[in-house]
**Q** 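Attaching a single structure in C-alpha cells format; questions to follow.
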Amino acid sequence: MSVDESQERPRRPERGIRRTAGELDGQWEGLAEQAQALADGRVTSTALVRRCLERIAATQDSINAFRRVRAEAALDEAAAADRGLSAGERLPLLGVPVAVKDDTDVAGEPTAFGCAGLFPPKERDSEVVRRLRAAGAVIVGKTNSCELGQWPFTEGPAFGDTRNPWNLAHTPGGSSGGSAAAVAAGLVPAALGTDGAGSVRIPAAWSHLVGIKPQRGRISTWPDAEAFQGITGIGPLARTVEDAALLLDVASGNHAGDLHRPPAIAAREAARRDPGRLRIALSWKAAATFTRKPLHPDVRAAVTSLARTLAGLGHFVEEAEPDYGLVGLAFVPRATAGVGEWAARVPDPRLLDRRTREAARLGRLLGGPVLRRARAAESRQQRRIGALFGPYDVLLTPTTATPPPRVGALAELGGWRTDRAMIAACPYAWPWNVLGWPGVSVPAGFSADGLPLGGQLLGPAHTEPRLISLAAQLQDALRWQDRRPGDQLSPGA
C-alpha cells in the first residue's frame, strides 16, 4: 500500500463510553435491533416512542436536534403499531421511531428547511415519508437544518444552534446536522438527511456515524421531480452499516413523477456480504476551487489508518488521483439555482439570511444558458472522473479536511468568507453530487481533541452494494459502533 508510513493514527478519546457486545440498554439499540425486539414482543412501540420523546425533550436545551416534535401524533401512531403487532402484522420497521430532516414534507407539519417565518402545514406526505409509513415506521419529528441546506453547520436564528453530542462546543456538521445529532445522541436509532454537497456525509463524519449518499434518484425527492437541479438526494444516517442499509432499503423507490429512476438494489443484503478483494485508490487531492484547502494532520492520519485496515483485510490499496477537471463550474450554477427555487417558496423572503439572498441572486444570474451548459457537462465529467474506475473499484478520500468547527465559527461570516471557510473544511464531498454517484462516509477515529473524523468510500454509478459491503467489512474490523458520546452534555471549553 502506497501511503505515508510516518502518519500515526490519532489517539482515541477516553471520554467515550464503551458497551459490551449485545448489550441493550434502552437507548442505544439500533434500527434493526428495535424492529426485531418489537416483532418478538419484547417491547412495545408505545414504550419505544415514549422513551424517544423523553430523550428528545431532555436534550433540546443542550443538543437542539429537532425543529418539530410530533409527540401526540407519534404516540397515536405507536399505539396503532402495537395493535398491528398484537394482531400478527409484520413490516420492516413496524413501530420503530425514526426522524426526518425539515426539508422533507410530513402531512400536518410545516416544511421550513431552516428558514424563519410561518410556514403552512403540508397537506400530504412526501414520497419518502409515505414509504417509511408503509414500512411501519413512526415519524417522531423533523430535525434541524441550516437555512436551505447551504452550509456545513446547523445554526440559525429560526431555531438556534444544534450541537455535537461528542462535544457541545462544536457543530455536528450540516446541513443534516439535526438528524446526525439525534442519532449520535441516541435520541432515535436512525434518521434521514439530504445531501447536496456532502450534507449527509459531512455530519456523519463529524458525529461518528455511517452516512450514505445514494445514487441520484434512489430515494424519491417527490413532490420535487428532482432537488436542487439534481445535485441533492436523500440518504440515511445511522450508527451501523446494517441500520443505514435497512433504512435505505425501506426509503428507496420512486414516484411516477421522478426524473431519475435507477434500478433497485438490496442494500441490507449487501451489508451481510463479503465484498471480495477490491482495488482501492487513496486520494488526497480535492477538486479545483482556487481557494486554500489544507488537510488537517489528524484527518490525514485517520484516513491513512483506514487505508491500512483495508490493506490488512486483503484489498489492494495505493495512492491515485481522479481527474476532476473544472467540475466546480458545473456545481455552482446548479446549487445556486436550487437555492433560488427554494427561496421563492418562503412566506417572507425578508427573513432570509443575507447570504441566502446573495446565493439566490447569483442563481438567477447563472440560470438559463449557463445552467443548461452546466447540466450538459455532466456526462463529460462522469467520463473524465469515471476513468479512475477502470483500474480501481473504489475511491477512498477524507470526508472532510478538518475536524468539526466550533459552534458559531462560520455562522456570522459574510457570503464570500463563508464560502471560503466551508470549502476549506469540506472540499471532498461535493463533486459526487455533480456526478450523481453513491458514496458512504464511515467513522475514521478521532482527532487529538476527541472530535470525530470520517473517511468516504466513493464509487461510480449504481455501486451502493459494493460500497456498503466494504463499509460493513470495515465496521467488523474497527467496531466503531461500540463507541458513543459520554455523559458530558454541556458546552466545553
**Q** Check Arg357 with Glu147, please: is the shortest side-chain N to carboxylate O separation under 4.0 Å?
**A**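 No, Glu147 and Arg357 are not salt-bridged.
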**Q** So do Phe153 and Pro405 actually touch side chain to side chain, heavy atoms under 4.5 Å?
**A**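 The answer is no, as the side chains (C-beta and beyond) never meet within the 4.5 Å cut-off.
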**Q** Using side chain to side chain contact (heavy atoms under 4.5 Å, CB included), reason through Val332 and Leu362 one step at a time and then give a plain yes or no.
**A** CA-CA 9 Å; Val332 173; Leu362 181 60; 4.2 Å; yes
**Q** Report yes or no: do Gln456 and Thr397 form a side-chain donor-acceptor pair below 3.5 Å?
**A**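 Yes, a side-chain donor-acceptor pair sits under 3.5 Å.
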**Q** Ignoring hydrogens and angles, tell me if any N or O in the side chain of Thr232 forms a donor-acceptor pair with the backbone of Phe228 under 3.5 Å.
**A**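 Absent.
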**Q** Does Tyr324 offer a backbone N or O that forms a donor-acceptor pair with the side chain of Gln381 under 3.5 Å?
**A**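 Side chain of Gln381 to backbone of Tyr324: no pair is present.
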**Q** Counting N and O atoms only, with roles assigned by atom type, does the side chain of Arg163 sit under 3.5 Å from a partner on the main chain of Ile63, one being a donor and the other an acceptor?
**A**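 Flag not set: sc Arg163 to bb Ile63 has no pair under 3.5 Å.
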**Q** So how far is it from Ile202 CD1 to Trp430 CH2, rounded to the nearest 0.5 Å?
**A**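 If we round to the nearest 0.5 Å, Ile202:CD1 and Trp430:CH2 are 12.0 Å apart.
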**Q** Where is the tightest heavy-atom contact between Trp28 and Pro485, given as atom of each residue plus distance?
**A**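 Looking at all heavy atoms of both residues, the shortest contact is CH2-CD, 3.9 Å.
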**Q** Are any of the side-chain heavy atoms of Thr143 and Ser176 separated by less than 4.5 Å?
**A**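 No, side chains not in contact.
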**Q** Where is the tightest heavy-atom contact between Gly149 and Phe113, given as atom of each residue plus distance?
**A**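 It is N-CE2, 3.3 Å.
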**Q** Let me confirm one number: the CH2-NE2 distance from Trp437 to His462, rounded to the nearest 0.5 Å.
**A**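 Spacing of CH2 (Trp437) from NE2 (His462) equals 10.0 Å.
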**Q** Is it the case that over 12 heavy atoms from other parts of the model lie below 6.0 angstrom from the CZ atom of Arg130?
**A**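 Atom CZ in Arg130 is packed in, count exceeds 12.
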**Q** Please test Gln229 against Phe331 for side chain to side chain contact (heavy atoms under 4.5 Å, CB included), starting from the C-alpha separation and ending with a verdict.
**A** CA-CA 10 Å; Gln229 295 292 319; Phe331 176 80; over 6 Å; no
**Q** Are Glu358 and Arg354 within salt-bridge range, i.e. N to O under 4.0 Å?
**A**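 Salt bridge absent between Glu358 and Arg354.
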**Q** What heavy-atom pair brings Leu329 and Ala374 nearest, and what distance separates the two atoms?
**A**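 Of all heavy-atom pairs spanning Leu329 and Ala374, the closest is O-CB, 4.3 Å.
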**Q** Can you tell me if Asp82 uses its side chain to pair, donor with acceptor, with the backbone of Thr46 under 3.5 Å?
**A**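 The answer is yes, because a donor-acceptor pair under 3.5 Å joins these two groups.
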**Q** Between CD1 of Ile468 and OG1 of Thr463, what distance do you get to the nearest 0.5 Å?
**A**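 It comes to 9.5 Å.
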**Q** Find the distance between CZ (Arg67) and CD (Glu109) and round it off to the nearest 0.5 Å.
**A**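 Atom-to-atom, Arg67:CZ and Glu109:CD are 11.5 Å apart.
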**Q** Sub-3.5 Å donor-acceptor pair from the side chain of Asp125 to the main-chain atoms of Ala107, do we have one?
**A**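 Yes: the side chain of Asp125 pairs with the backbone of Ala107.
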**Q** Is any side-chain heavy atom of Val138 closer than 4.5 Å to a side-chain heavy atom of Val96?
**A**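 No - every pair of side-chain heavy atoms lies 4.5 Å or more apart.
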**Q** Do Leu85 and Leu94 touch side chain to side chain, with heavy atoms closer than 4.5 Å?
**A**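 Leu85 reaches Leu94 side chain to side chain.
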**Q** What distance separates Arg70 CZ from Leu75 CG, expressed to the nearest 0.5 Å?
**A**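 So the CZ of Arg70 and the CG of Leu75 are separated by 10.5 Å.
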**Q** For Leu53 and Val69, run side chain to side chain contact (heavy atoms under 4.5 Å, CB included): C-alpha distance rounded to whole Å, both residues' side-chain angles, the deciding distance at 0.1 Å, then the answer.
**A** CA-CA 8 Å; Leu53 294 170; Val69 180; 3.7 Å; yes
**Q** Taking only Lys NZ, Arg NE, NH1 and NH2, and the carboxylate oxygens of Asp or Glu, determine whether Glu29 and Arg51 approach each other closer than 4.0 Å.
**A**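 Looking at Arg51 together with Glu29, the answer is yes, because their closest N to O distance falls below 4.0 Å.
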**Q** Under a 3.5 Å threshold, yes or no: a donor from one side chain and an acceptor from the other, between Glu242 and Gln475?
**A**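 Short answer, no.
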**Q** Are any of the side-chain heavy atoms of Leu458 and Val394 separated by less than 4.5 Å?
**A**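 Not touching, per the 4.5 Å side-chain cut-off.
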**Q** So, for Ala184 and Ser207, which heavy atoms are closest and what is the spacing to 0.1 Å?
**A**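 Closest pair (atom of Ala184, atom of Ser207, distance): CB-O, 3.6 Å.
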**Q** Without hydrogens or angle criteria, can the side chains of Asn64 and Asp161 be said to hold a donor-acceptor pair below 3.5 Å?
**A**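 Looking only at side-chain atoms, Asp161 and Asn64 do not form any donor-acceptor pair under 3.5 Å.
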**Q** Is it true that Arg273 and Glu269 make a salt bridge, defined as a side-chain N closer than 4.0 Å to a carboxylate O?
**A**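 Yes.
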**Q** Between the side chains of Trp206 and Thr400, does any donor sit under 3.5 Å from an acceptor?
**A**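 Indeed, the side chains of Trp206 and Thr400 share at least one donor-acceptor pair under 3.5 Å.
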**Q** Classify the side-chain pair Ser175/Lys101 by whether it contains a donor and acceptor separated by less than 3.5 Å.
**A**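 There is such a pair (donor and acceptor under 3.5 Å, judged by atom type) between the side chains of Ser175 and Lys101.
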**Q** Under a 3.5 Å distance rule, please check whether Asp249 uses its side chain to pair with a backbone N or O of Arg268 as donor and acceptor.
**A**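 Flag set: sc Asp249 to bb Arg268 pair under 3.5 Å.
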**Q** Does the side chain of Asn254 pick up a donor-acceptor pair with the side chain of Ser220 at under 3.5 Å?
**A**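 No.
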**Q** Using side-chain heavy atoms (C-beta onward) and a distance below 4.5 Å, is Phe389 in contact with Leu395?
**A**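 Heavy-atom side-chain distance check passes, below 4.5 Å.
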**Q** Between Arg90 and Ala39 (side chain of the first, backbone of the second, donor and acceptor by atom type, cut-off under 3.5 Å), is there such a pair?
**A**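 Flag set: sc Arg90 to bb Ala39 pair under 3.5 Å.
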**Q** Side chains of Leu451 and His170: closer than 4.5 Å at any heavy-atom pair?
**A**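 Yes, side chains in contact.
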**Q** Applying the side chain to side chain contact (heavy atoms under 4.5 Å, CB included) criterion to Val210, which one of Thr240, Val440, Leu237 satisfies it?
**A**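 By the side chain to side chain contact (heavy atoms under 4.5 Å, CB included) criterion, Val210 pairs with just one of Thr240, Val440, Leu237: Val440.
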**Q** Start with the C-alpha distance between Thr171 and Leu410, add both sets of side-chain angles, then the distance that settles side chain to side chain contact (heavy atoms under 4.5 Å, CB included), and finish with yes or no.
**A** CA-CA 10 Å; Thr171 181; Leu410 282 71; over 6 Å; no
**Q** Are Trp480 and His208, when compared by the centres of their aromatic rings, separated by less than 6.0 Å?
**A**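 So the answer is no for these two rings.
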**Q** Could you verify whether a donor N or O on one side chain and an acceptor N or O on the other, from Arg201 and Asn433, lie under 3.5 Å apart?
**A**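 Yes, because at least one side-chain N or O of Arg201 sits under 3.5 Å from a partner of the opposite role on Asn433.
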**Q** As an exercise, state the distance from CG of Leu396 to OH of Tyr428, rounded to the nearest 0.5 Å.
**A**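 So the gap between those two atoms works out to 11.0 Å.
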**Q** Whether the side chain of Arg216 engages the backbone of Val434 through a donor-acceptor N/O pair (distance < 3.5 Å, no angle test) should be reported.
**A**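 Between the backbone of Val434 and the side chain of Arg216 there is a qualifying donor-acceptor contact (under 3.5 Å).
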**Q** Distance alone, cut at 3.5 Å: any donor-acceptor contact between the side chains of Thr111 and Lys122?
**A**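 On atom types as modelled, these side chains do not qualify, holding no pair under 3.5 Å.
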**Q** Are any of the side-chain nitrogens in Arg375 or Glu226 under 4.0 Å away from the carboxylate oxygens of its partner?
**A**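 So Arg375 pairs with Glu226 through a salt bridge.
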**Q** Assess, by modelled atom type and distance only, whether the side chains of Thr154 and Thr162 contain a donor and an acceptor separated by less than 3.5 Å.
**A**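 Looking only at side-chain atoms, Thr162 and Thr154 do not form any donor-acceptor pair under 3.5 Å.
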**Q** Checking side-chain polar atoms at under 3.5 Å, does Gln150 have a donor or acceptor matched by the opposite partner on Arg355?
**A**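 Absent: no donor and acceptor within the cut-off.
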**Q** Identify the two heavy atoms, one from Gly235 and one from Val200, that lie closest to each other, and give their separation to 0.1 Å.
**A**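 Result for this residue pair: O-CG2, 3.9 Å.
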**Q** Is there a donor-acceptor pair under 3.5 Å between the side chain of Glu123 and the backbone N or O of Gly108?
**A**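 No.
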**Q** For atom CG of Asp61, is the number of surrounding heavy atoms from other residues, nucleotides or ligands below 6.0 Å larger than 12?
**A**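 It does not: Asp61 CG has 12 such atoms or fewer within range.
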**Q** Within a strict 4.5 Å, meaning less than it, do heavy atoms of the Arg42 and Gln36 side chains meet?
**A**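 Yes. Closest side-chain heavy atoms under 4.5 Å.
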**Q** Exactly one of Asp102, Asp105, Asp103 should register a salt bridge (Lys or Arg N to Asp or Glu O under 4.0 Å) with Lys142. Which one does?
**A**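 Answer after filtering Asp102, Asp105, Asp103: Asp102.
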**Q** With side chain to side chain contact (heavy atoms under 4.5 Å, CB included) as the test, pick out the partner of Val98 among Leu192, Val129, Leu31, Val183.
**A**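 Exactly one pass, corresponding to Leu31.
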**Q** For residues Ala267 and Leu248, report the shortest heavy-atom separation together with the two atoms involved.
**A**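 Shortest heavy-atom contact: CB-CD2, 3.8 Å.
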**Q** Counting N and O atoms only, with roles assigned by atom type, does the side chain of Thr59 sit under 3.5 Å from a partner on the main chain of Ser62, one being a donor and the other an acceptor?
**A**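 Side chain of Thr59 to backbone of Ser62, a donor-acceptor pair under 3.5 Å: no, none is there.
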**Q** Considering only NZ, NE, NH1 and NH2 on the basic side and carboxylate oxygens on the acidic side, decide whether Arg261 and Asp258 come within less than 4.0 Å.
**A**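 A salt bridge is absent here (no side-chain N lies under 4.0 Å from a carboxylate O).
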